[in-house]
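Take a look at the structure below.
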Amino acid sequence: MAETITLGKSLNHGLRRALENDSKVVIMGEDVGKLGGVFRITDGLQKDFGEDRVIDTPLAEAGIVGTAVGLAIRGYRPVCEIQFDGFVFPAYNQIVAQVAKMFYRSKGKVRVPIVIRIPFGGGIGAVEHHSESPEAYFAHTPGLKVVTCSNPADAYTMIQQAIASDDPVVFFEPKRRYWEKGEVDLDAPLSGAYPLHSARVARPGSDATLLAYGPMVRVALDAAAAAAEDGRSLEVIDLRTLSPVDYPVIFESVKRTGRAVVVHEAPGSGGLGGELAARISEECFYSLEAPVLRVTGYDIPYPAARSEEEYLPDLDRLLDAVDRSFGW
Amino acid sequence: MAETITLGKSLNHGLRRALENDSKVVIMGEDVGKLGGVFRITDGLQKDFGEDRVIDTPLAEAGIVGTAVGLAIRGYRPVCEIQFDGFVFPAYNQIVAQVAKMFYRSKGKVRVPIVIRIPFGGGIGAVEHHSESPEAYFAHTPGLKVVTCSNPADAYTMIQQAIASDDPVVFFEPKRRYWEKGEVDLDAPLSGAYPLHSARVARPGSDATLLAYGPMVRVALDAAAAAAEDGRSLEVIDLRTLSPVDYPVIFESVKRTGRAVVVHEAPGSGGLGGELAARISEECFYSLEAPVLRVTGYDIPYPAARSEEEYLPDLDRLLDAVDRSFGW
Amino acid sequence: MAKGKAVATRPSGGGTDAPAGGFVQLLTPDGEHVGSVTTADGTTYSVDFTDEEYRGLYRDLVTVRRLDAEATALQRQGELGLWASLLGQEAAQVGSGRALRTQDMAFPTYREHGVLYCRGIDPIMPFGLFRGVDQGGWDANEHKFNSYTIVIGSQTLHATGYAMGVTMDGKTGSPDGEAVIAYFGDGATSQGEVNEAFVWAGVFNAPMVFFCQNNQYAISEPLERQTRIPLYRRALGYGFPGIRIDGNDVLASYAVTRAALDNARNGQGPTLIEAYTYRMGAHTSSDDPTRYRIASEVESWKAKDPISRVRAFLTKQQLADEDFFGEVDENARKLALDLRERVLAMPDPQPVTMFDHVYPNGSPDLDEQRKAFTEYHASFEGSGH
Amino acid sequence: MAKGKAVATRPSGGGTDAPAGGFVQLLTPDGEHVGSVTTADGTTYSVDFTDEEYRGLYRDLVTVRRLDAEATALQRQGELGLWASLLGQEAAQVGSGRALRTQDMAFPTYREHGVLYCRGIDPIMPFGLFRGVDQGGWDANEHKFNSYTIVIGSQTLHATGYAMGVTMDGKTGSPDGEAVIAYFGDGATSQGEVNEAFVWAGVFNAPMVFFCQNNQYAISEPLERQTRIPLYRRALGYGFPGIRIDGNDVLASYAVTRAALDNARNGQGPTLIEAYTYRMGAHTSSDDPTRYRIASEVESWKAKDPISRVRAFLTKQQLADEDFFGEVDENARKLALDLRERVLAMPDPQPVTMFDHVYPNGSPDLDEQRKAFTEYHASFEGSGH
Ligand SMILES: Cc1ncc(C[n+]2csc(CCOP(=O)(O)OP(=O)(O)O)c2C)c(N)n1
Ligand SMILES: Cc1ncc(C[n+]2csc(CCOP(=O)(O)OP(=O)(O)O)c2C)c(N)n1
Ligand SMILES: [Mg+2]
Ligand SMILES: [Mg+2]
């Protein structure tokens with residue numbers, strides 16, 4: 001039964017279904033219980049599944065992820081909530097040195113099917129540490145799968161896939177899109193869905209390819225719509241998985257269009273855009289009419305709220321980059 | 001007076017000179033005192049400068065960096081030693097959320113001139129967590145300067161520059177090169193040196209450009225020497241600073257040679273090679289005869305010691321990439 | 001301002017324990033002034049204020065509450081992006097804030113507006129942060145008051161390092177020495193970094209006071225999610241004293257903090273103070289506390305209000321009359337009005353300034369980004385964009 | 001093997017304290033068997049072994065020491081990349097290892113070869129790690145013994161999470177319940193993560209034992225760099241009991257660990273045990289302890305050797321004779337020889353296997369890297385490369 005719901009609500013439904021389907025699934029984090037999380041993503045779940053399934057934890061991110069590792073060894077499937085992007089770093093050691101490596105260390109004998117949910121990105125007028133995009137810190141870590149969603153339907157499918165997967169998954173949620181609505185088929189069987197590891201052509205086009213993920217997919221789609229009015233046909237690809245990236249879809253597109261622009265909120269230097277540009281440049285060398293261009297956050301700490309509009313990539317900057325690509 | 005000493009010893013001399021020149025410089029870390037550090041980089045310094053200047057700390061990396069922030073606010077210039085690359089992650093929160101941001105947060109009113117020394121890279125036959133190359137995790141963080149050295153002379157200069165700089169610096173030391181010798185002028189005034197932020201042409205050449213840093217500079221130089229025998233002239237650039245990168249030197253070289261190969265030990269995906277390739281592809285688009293190629297560690301956790309030879313980029317893999325570039 | 005008589009000695013090594021009542025209290029909710037309190041370890045706490053000083057404390061309490069209320073209003077009106085109210089915690093903050101000597105250094109969280117005020121700092125200082133025009137932007141050393149720290153607990157290590165520096169500078173071991181105070185909440189006690197700060201403070205005998213405002217909640221999580229025993233006892237595991245005070249009693253807060261700071265400056269090392277108090281409002285303006293706590297709990301804490309007990313005391317002791325209370329309110333109102341006007345007048349940042357202060361020595365790469373940014377925005381000039 | 005009579009009750013809430021002698025000791029360095037020890041909180045510890053069991057403990061101690069010596073020799077001969085010797089810590093490990101019941105789960109550091117042995121695991125299991133052919137590669141659940149953890153302290157959180165799972169599975173609250181033990185060193189007590197494990201274990205009343213082998217050093221750093229009070233007292237700050245034992249006394253280690261595990265499985269929550277011992281050798285084979293500690297200190301600890309006291313006891317009590325001791329040595333020698341041979345026979349890994357086990361579900365990108373790797377290496381085949 002398809003319903004029109006917000007992205008936040010679709011995550012809530014996805015978590016609920018995961019809790020229902022597998023008694024080993026547990027949710028843990030700060031304020032996930034009675035409060036339902038500061039974004040209400042876990043709203044009502046503790047009430048319905050109990051304090052053992054939806055665990056309000058001490059205020060300690062290393063503790064959240066570290067105990068999740070132990071629970072996973074015990075056979076559980078923990079879903080950890082990190083309250084905001086800027087607060088994941090106390091858990092960084094557990095994530096990159098333990099979660100990412102346990103399977104490798106044990107030669108495949110110990111699985112830690114953990115999902116680490118992180119609301120990320122800016123645009124909500126918040127104070128420091130509440131608007132960051134740390135995905136590149138995780139995507140560079142073998143052993144972790146890193147994914148993000150851009151719309152309610154994907155959110156619903158992907159959160160369930162991430163939980164069902166035995167791979168440890170860092171699941172970035174585009175917090176400024178929590179309130180955006182879309183149609184979601186709540187009864188669709190998971191088995192019928194695309195694989196977790198798959199990019200999506202969000203809008204087909206022929207003149208240039210825009211690569212986006214998470215909160216920036218909306219911006220890319222808006223840019224493509226605007227460009228269409230000017231007679232330019234832009235293809236928009238929603239990466240969905242950031243590590244590993246579903247390159248075949250990307251290469252096919254760029255070879256066809258000859259131009260690519262990558263967009264993300266994180267600072268440009270060392271961001272995922274560089275990796276994408278490098279891979280595309282290598283694979284599509286003879287097809288490229290212009291270098292792969294990037295529209296990203298600047299190489300500065302995330303600025304104060306009243307500057308964020310100028311910091312965040314927007315439609316104008318994206319179209320400007322498309323223009324530059326065509327003008328190369 | 002020029003002496004032929006190891007890279008490790010030159011760091012030791014550099015630290016000693018920094019301690020002598022500025023009473024606010026303090027060294028802190030695990031085992032840095034009596035033991036002189038597990039690599040003996042701080043050998044003899046506690047004996048000569050006392051326990052207040054060379055501080056043996058509790059076993060807690062967040063504590064080391066976090067208290068260094070406080071000492072820096074108080075006017076000190078702390079030099080933190082992290083014992084091995086794989087043990088920096090407990091301090092990651094303090095480094096990316098505090099050290100990198102204090103200057104920005106305070107609108108330039110609070111400086112935290114901290115140096116975080118990290119022996120990094122593989123090739124020493126060690127167990128897990130002792131051979132990693134986490135530089136990309138830091139280079140993506142605005143507010144941090146990230147540098148590394150490849151030879152004794154640079155090590156001596158750069159460690160002093162890093163300490164003298166008010167910028168927070170993450171200083172990666174190529175641990176497998178600690179025992180390599182080179183000539184160092186221990187009396188050279190710091191003021192006469194190149195700036196901390198500057199790449200170096202380690203070997204001039206005209207046919208292709210090899211970009212390397214830290215432990216891989218030696219490999220690149222060896223590859224260039226071997227290629228010369230085959231009549232190919234490879235230019236080797238030692239990046240020295242990884243964030244920000246000294247791009248003018250690189251662009252000039254690649255525009256001249258038309259080919260570039262980047263090498264590093266860290267896993268390829270999301271490593272610095274991607275960023276370099278992206279920037280070069282953009283800036284030198286019309287000069288490139290082939291895409292920028294990368295020779296890197298694979299996208300796996302650092303493997304067990306008896307596999308590391310096949311994991312680490314070596315002369316053969318580098319020459320193979322050069323061949324591929326020419327064959328493009 | 002106020003100077004309290006604070007006990008300078010304590011039994012060595014042992015952990016100070018709570019007195020019979022569970023915490024140190026010098027002023028009851030009814031406004032009874034208890035002359036002195038002796039804890040289980042034999043330390044006696046008392047204060048010895050002049051009438052003027054008692055009135056001063058009342059003025060502080062009322063003023064910081066009034067300023068806080070103004071900020072809450074400003075937030076509701078859309079003039080601040082966020083506000084973290086101190087409502088209910090005035091006594092803990094004013095008592096400890098006034099206990100600091102000029103040379104002492106404070107490391108706050110994001111809620112210590114009352115401490116800031118008691119340091120003599122213009123209360124507008126943190127409003128740039130909450131309005132979203134900057135991220136603080138003040139000089140920690142100039143004000144002896146560090147940046148507000150949002151990542152829970154990180155400042156406790158900064159404070160400990162700073163205190164180590166005080167020792168290294170030879171500024172302890174005398175009554176004129178320097179001391180350091182680190183503020184944090186009950187939730188923060190679970191963070192690894194905070195516990196590392198305890199380790200370091202113990203090992204290096206750092207001249208500092210850990211001041212934990214246990215306001216019973218970390219957002220929605222009640223105290224029992226962080227500990228199963230009273231928090232002040234955490235210090236016992238690290239070898240320095242821990243003590244619980246009635247955090248709604250400004251006199252206890254003053255007396256115990258002053259004594260602990262003086263112990264620190266005298267070279268006797270760290271103390272953990274747990275100020276047992278209550279967050280009367282929401283966690284921040286983004287929070288809805290009705291989802292996780294019941295009205296009767298809030299009501300029961302109203303009876304322990306930190307301000308009304310001082311007023312009752314002043315009245316009973318005839319140290320102040322209605323005129324005085326009226327004048328204090330009026331003065332606070334004026335300060336709040338002035339604050340409001342100045343907050344409204346805060347200019348938005350010039351966008352290009354976001355490129356400033358990334359590195360003391362700059363970065364050529366970033367300079368180019370700044371240049372491109374300026375040119376890009378100039379291209380829209382006059383285009384009505 | 002051995003089953004000790006262990007006390008199952010203890011005063012609620014309070015912290016177990018050290019007995020008069022500073023720690024729980026049931027067997028003196030001279031081999032005197034103290035019948036029982038009662039700690040300050042009234043808990044009585046004793047063991048009740050059969051003669052055979054006493055001899056079994058001796059055999060364990062000698063065997064793990066002998067295997068350890070063989071590993072040290074293998075490392076010196078270049079057959080291992082590294083070895084972390086347990087020399088001096090045999091009693092702490094054998095006592096606690098034997099106290100574990102079959103259903104209990106252990107989370108070791110990198111030094112718990114003795115515990116591993118007592119779990120009935122083939123002692124060769126961790127040699128892949130130290131030889132550099134793999135990074136452990138065993139199944140934690142199969143052996144009820146987690147991977148060796150090298151990043152200091154991280155495993156304490158894993159243990160706590162696992163123990164929370166035990167409770168969630170309803171496997172506590174009875175004598176047949178499951179318990180969890182986490183091993184770590186004195187240095188580890190400074191890590192934030194370890195202290196977070198204390199927080200969580202307290203809050204969730206986790207069925208676990210924190211077993212700290214205080215071997216006086218964290219590489220070169222002496223104990224006073226980590227704490228200024230005895231480590232077992234750390235637990236007091238988190239609301240569960242801490243107790244110090246003579247870590248060189250296998251009986252005390254057994255009795256106290258068994259009691260703590262049984263308390264845990266019965267639903268009475270966590271205990272911290274500090275086994276006061278000494279690292280007789282280097283930190284690892286890479287370390288040179290003469291740089292930071294004096295010979296006389298090592299000598300003084302030799303007098304407290306964990307094995308000789310058991311031998312003295314067995315001799316005095318006429319529980320064993322020279323024949324027995326000779327047979328134990330000979331048997332250990334054979335096991336060591338067998339171990340040596342099997343270590344030498346360990347095959348080097350096929351390089352391409354380094355691409356295995358990165359993700360349970362694999363990665364297409366990585367598959368391509370594996371393919372390219374194979375092709376690249378195949379291109380050298382026969383080239384003598
Ligand atoms: C490391 C980290 N994790 C999570 C948060 C989100 N957060 C902000 S305040 C808060 C609760 C803090 O509780 P407490 O320490 O008791 O202080 P209080 O706000 O009650 O004064 C949380 C979880 C954060 N700021 N930092
Ligand atoms: C997080 C981290 N920091 C540093 C190290 C390097 N290191 C390995 S062992 C060790 C000392 C550990 O001391 P302790 O906890 O007392 O255990 P012991 O080795 O004495 O058994 C150190 C510093 C590490 N492995 N992990
Ligand atoms: Mg609180
Ligand atoms: Mg130790």
Side-chain angles (χ1 to χ4, degrees), chain B residues 29-40 43 46 51 55-64 66 83-84 86-91 93-94 124-131 267-269 295-311 316-317 320-321 323-324, chain D residues 81-82 84 110 128-137 148 150-154 185-195 218-222 225-227 283-284 286-289 291-293 348-358 363 365-366 369-370 373 376-377 379-380 385:
Chain B
E30 296 155 9
D31 306 295
V32 296
K34 264 193 194 169
L35 187 63
V38 294
F39 290 109
R40 309 291 185 267
D43 192 25
Q46 189 181 64
E51 296 194 7
I55 307 169
D56 271 324
T57 67
L59 206 175
E61 286 76 10
I64 293 170
Q83 201 160 78
F84 281 89
F87 306 139
V88 69
F89 303 119
N93 179 49
Q94 283 287 341
I124 62 161
V127 295
E128 206 187 349
H129 310 289
H130 291 73
S131 306
S269 289
V295 180
T296 67
Y298 303 105
D299 290 338
I300 62 175
Y302 198 90
R306 292 195 182 216
S307 298
E308 72 178 339
E309 236 180 88
E310 277 77 27
Y311 173 84
D316 287 324
R317 280 175 65 198
D320 177 65
D323 281 348
R324 281 190 289 127
Chain D
L82 183 81
Y110 40 80
L129 167 64
F130 289 107
R131 191 168 162 88
V133 308
D134 61 30
Q135 288 168 336
Y148 274 7
I150 291 173
V151 180
I152 296 296
S154 294
D186 43 299
T189 60
S190 295
Q191 278 289 356
E193 292 191 359
V194 175
N195 291 281
I219 309 188
S220 75
E221 307 235 15
R225 287 285 99 175
Q226 318 294 344
T227 181
H283 167 69
T284 65
S286 304
D287 179 41
D288 173 9
R291 290 180 70 100
Y292 55 83
R293 64 186 194 187
D348 274 358
Q350 285 300 314
V352 73
T353 60
M354 70 171 137
F355 291 94
D356 296 343
H357 309 307
V358 179
S363 147
D365 221 38
L366 197 55
Q369 290 180 32
R370 183 204 316 263
F373 177 89
Y376 172 74
H377 281 272
S379 73
F380 291 114
H385 180 83

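Just the heavy atoms: all of them, side chains too, but no hydrogens, waters or symmetry mates, feed the values below. Every chain is numbered from 1 and lettered A, B, ... according to where its sequence line falls, protein lines coming before strand lines.
- At a 4.5 Å heavy-atom cutoff, R370(D) makes no contact with chain B through either its backbone or its side chain.
- Between L59(B) and Q191(D) the shortest side-chain heavy-atom distance falls below 4.5 Å.
- Neither the backbone nor the side chain of F39(B) comes within less than 4.5 Å of any heavy atom in chain D.
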### Task
Step by step, work out the side-chain contact (heavy atoms from CB on, under 4.5 Å) result for Y148(D) and E128(B).
CA-CA 10 Å; Y148(D) 274 7; E128(B) 206 187 349; over 6 Å; no
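- Of the possible donor and acceptor atoms, one in the side chain of Q135(D) sits under 3.5 Å from a partner among the backbone N and O of Y302(B).
- Looking at L82(D), only its side chain comes within 4.5 Å of chain B, counting heavy atoms on both sides.
- Within the 4.5 Å cutoff, the side chain of H283(D) has no heavy atoms near those of the V38(B) side chain.
- The backbone N or O of P349(D) lies less than 3.5 Å from no partner atom in the side chain of R306(B), so there is not a single donor-acceptor pair.
- Only the side chain of F87(B) comes within contact range of chain D, judged by heavy atoms closer than 4.5 Å.
- Proximity to chain B (any heavy atom under 4.5 Å) is shown, for D186(D), by neither the backbone nor the side chain.
- Comparing V194(D), D287(D), V352(D), V358(D) by how many heavy-atom pairs each has under 4.5 Å with chain B, the most go to V358(D).
- Listed here is the closest heavy atom pair of R225(D) and D56(B): NH1-O, 2.7 Å.
- Atom-to-atom distance recorded for E30(B):CD and S190(D):OG is 9.0 Å, nearest 0.5 angstrom.
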#### Entry: Intermediate values then yes/no, salt bridge (Lys or Arg N to Asp or Glu O under 4.0 Å), D31(B) and R291(D)
CA-CA 11 Å; D31(B) 306 295; R291(D) 290 180 70 100; over 6 Å; no
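- Proximity of I300(B) to L366(D): side-chain heavy atoms (C-beta onward) are separated by under 4.5 Å at one or more points.
- The CD atom of E308(B) lies 10.0 Å from the CE atom of M354(D); values are rounded to the nearest 0.5 Å.
- Rounded to the nearest 0.5 angstrom, E310(B) CD and T353(D) OG1 are separated by 10.0 Å.
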### Task
Show the numbers, then the answer: is there a side-chain contact (heavy atoms from CB on, under 4.5 Å) between F380(D) and D316(B)?
CA-CA 10 Å; F380(D) 291 114; D316(B) 287 324; 4.1 Å; yes
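- Annotation: the span from I152(D) atom CD1 to Q83(B) atom CD amounts to 9.0 Å, rounded to 0.5 Å.
- Proximity to chain D (any heavy atom under 4.5 Å) is shown, for Y311(B), by both the backbone and the side chain.
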